[in-house]
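Reviewing the structure listed below.
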Amino acid sequence: MRAAEHIVIGAGISGLSMAHYAAARGIPTLVLEAEDRIGGCIQSLAFQEDFWVEGGAHTCFNSYGHLLELLQQLPSPPTRVPKLRRYYQRWQGGQRRSLLSALHPLELLLALPRLATVQKSGRTVADYYSRVLGRRNYQDLFRYAFRAVICQDADAFPAELLFRPKPKRKDFPRRFSFSGGLSRISQAIAAQPGIQVRTGQRVAAVHPQGEGFRIHLESGEALECRWLSLAVPPDIARQLLSESFEPLAQELAGMEMAAIDSLAFWVPAQALSLPPLAGLIAWEQDCYAIVSRDDLPHDRYRGFTLHFRADALSRDAQLATARAALGVQPEAIRDPVWIRNRLPALRVEQQAQVQRLTERLQGKPLAIVGNWFFGVSIEDCLMRSYEESLRLFGEVHAD
Ligand SMILES: Cc1cc2nc3c(=O)[nH]c(=O)nc-3n(C[C@H](O)[C@H](O)[C@H](O)COP(=O)(O)OP(=O)(O)OC[C@H]3O[C@@H](n4cnc5c(N)ncnc54)[C@H](O)[C@@H]3O)c2cc1C
């Protein structure tokens with residue numbers, strides 16, 4: 001017997017948005033999540049009743065049109081809170097400095113006209129931005145800024161997928177979060193009628209079953225469905241497909257992930273003399289960025305999340321970095337939490353693979369969604385889920 005008409009594997013924002021788009025068409029959906037919480041790379045840590053710090057994604061923008069539309073469709077949407085404009089500084093050699101002090105203005109002036117002629121398509125971040133910003137500007141400034149955005153080395157990342165231009169909704173604040181943090185998005189989607197979420201359910205394999213699918217959980221349980229959506233990282237999708245869907249699995253070969261170790265904590269506001277800032281972009285080998293939540297100020301607390309190359313520094317060394325960068329005493333760092341996330345390490349040559357994968361899916365009751373089709377932002381995830389939901393289920397018809 002079918003467990004649900006539609007099963008989604010993975011309860012990150014890609015899987016939850018896919019569940020939303022199916023439920024909006026009246027298709028009951030079961031979401032299976034390996035971990036004991038939903039949200040994947042979205043994880044808001046509630047330290048005090050009205051104070052949270054983001055362990056993963058931290059900001060949404062008014063260019064997130066699919067997200068804004070989805071939120072408007074929710075019966076109980078989370079409460080949006082605008083974020084203040086704050087500025088980043090750089091953290092280099094034990095000192096905080098302005099970002100502009102690393103800029104070569106003359107080189108920038110000479111390079112910028114190339115924006116009109118140099119194509120992003122088919123170029124790496126290093127290649128494209130060295131041309132349009134100047135080679136020294138890229139090496140001395142922008143490569144660190146871009147690393148901080150995607151929490152991994154940016155040089156070989158496809159330029160097209162770093163900042164995809166998206167129309168801005170001027171009726172919304174430019175940057176925002178939600179009261180309680182971004183996890184409220186996941187919770188509000190999952191709480192809708194027509195969506196059931198089971199956590200602690202790691203899927204081991206998927207097989208064809210009649211016109212649908214049979215899903216095998218690590219626990220030994222098997223579940224059947226008519227439509228299936230994979231919303232897991234590409235290396236996991238490959239494993240799940242490898243036994244029965246070899247041609248699809250082949251297209252996922254060589255797709256690597258970058259692991260990120262993050263340290264999040266709060267600090268009593270009076271323990272810190274550092275002026276409010278967006279964060280510090282690190283010019284260090286093993287640390288990408290120190291993100292503050294001063295853009296959502298609080299009277300008594302300040303919060304920070306440091307993002308490190310995975311397995312590079314011990315926990316003590318990470319705490320020492322935090323103390324040095326913020327200029328605080330050890331006892332000021334409260335309730336430290338360590339988190340491991342993974343993001344796809346996208347490459348230019350894989351874009352053709354992803355295109356072939358999408359073509360191979362045509363006509364199949366199987367969707368593959370995630371942050372490795374259009375880019376890694378939350379909106380990029382929703383764009384892919386929206387497209388796949390149209391292919392699988394067609395347009396939504398108002399009753
Ligand atoms: C540190 C950091 C900061 C970021 N900042 C921003 C930001 O400010 N703004 C922005 O727009 N984006 C940001 N992003 C990117 C964005 O958060 C992610 O790209 C997005 O949340 C990924 O969602 P996803 O659902 O595709 O994947 P994931 O969130 O990785 O979800 C995949 C889910 O699948 C589950 N899973 C895996 N294997 C199995 C299995 N076998 N069976 C069942 N379940 C399984 C996982 O447990 C996970 O819950 C950031 C990401 C990170 C890591």
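Both ligands and their constituent atoms are indexed starting at 1 by order of listing. Only this structure's heavy atoms are used, side chains among them; waters, hydrogens and symmetry mates stay out. Positions are given from 1, in the same order as the sequence printed here.
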Please report which non-hydrogen protein atom sits nearest to [atom], along with the residue it belongs to and the distance in Å to one decimal place.
atom	value
atom 11 (O) of ligand 1	Y64 OH, 2.6 Å
atom 2 (C) of ligand 1	G56 C, 3.8 Å
atom 31 (O) of ligand 1	G12 CA, 3.5 Å
atom 35 (C) of ligand 1	E33 OE1, 3.3 Å
atom 1 (C) of ligand 1	H307 CE1, 3.3 Å
atom 24 (P) of ligand 1	S14 OG, 3.4 Å
atom 34 (O) of ligand 1	G10 CA, 3.4 Å
atom 39 (C) of ligand 1	V232 CG1, 3.7 Å

From the options [options], select the one whose nearest heavy atom is closest to [atom].
atom	options	answer
atom 7 (C) of ligand 1	I38, L32, T59	T59
atom 41 (N) of ligand 1	V203, N371, L240, L217	V203
atom 29 (O) of ligand 1	C41, A34, A57	C41

- Item | Identified side chain to side chain contact (heavy atoms under 4.5 Å, CB included) counterpart of R198 within the set L217, I7, V31 |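 In the set L217, I7, V31, the residue that makes a side chain to side chain contact (heavy atoms under 4.5 Å, CB included) with R198 is L217.
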Ligand 1 to [X] polar contact by distance, N or O atoms, under 3.5 Å:
X	value
H58	yes
I236	no
G15	no
N341	no
V376	yes

- Message: Suppose I only count heavy atoms of S377 and a 4.0 Å limit; which atoms of ligand 1 are within that range?
- Response: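 The atoms of ligand 1 under 4.0 Å from a heavy atom of S377 are 11 (O), 12 (N).
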- Query: For ligand 1, which atoms sit closer than 4.0 Å to a heavy atom of E35?
  - Reply: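 With E35 as reference, the close atoms of ligand 1 come out as 47 (O).
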- Taking the six-membered ring for Trp and the single ring otherwise, decide whether the centroids of Y386 and Y21 are under 6.0 Å apart.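 Judged by ring-centre distance (under 6.0 Å), Y386 and Y21 do meet the cut-off.
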- Atom NE2 of H307 and atom NE2 of H58: how far apart are they, to the nearest 0.5 Å?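 So the gap between those two atoms works out to 5.0 Å.
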Do the side chains of [Y] and [X] get nearer than 4.5 Å, heavy atoms only?
X	Y	result
R300	Q270	no
R238	E251	no
F51	R293	yes

- Task: Cation-pi check, R90 to W283: give yes when NZ or CZ is under 6.0 Å from the six-membered ring centre and within 45° of the ring axis, no otherwise.
- Result: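 Yes - R90 lies over the ring of W283, closer than 6.0 Å to its centre and within 45° of its axis.
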- Query: Is it true that Q201 lies under 4.0 Å from ligand 1, counting heavy atoms only?
  - Reply: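 The answer is yes, since Q201 has a heavy atom less than 4.0 Å from ligand 1.
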- Looking only at heavy atoms, which two atoms of Y128 and Q119 are closest? And how far apart?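 For Y128 and Q119, the tightest heavy-atom pair comes out as CD1-O, 3.6 Å.
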- Task: Could you tell me which non-hydrogen atom of E284 sits nearest to which non-hydrogen atom of Q92, and how far apart they are?
- Result: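 Looks like OE2-CA, 3.6 Å.
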- Message: Please work out, at 4.0 Å between heavy atoms, whether the side chain, the backbone, both, or neither of C60 comes within that distance of ligand 1.
- Response: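 None of C60 does.
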- Going by the ring pair (Phe, Tyr, Trp, His ring centres under 6.0 Å) test, name the single residue among Y138, Y144, F146 that passes it with Y129.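 Passing option: F146.
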- Item | Residues F393, W227; criterion ring-ring contact (aromatic ring centres under 6.0 Å, His included); working and verdict | CA-CA 9 Å; F393 311 123; W227 289 291; 5.1 Å; yes
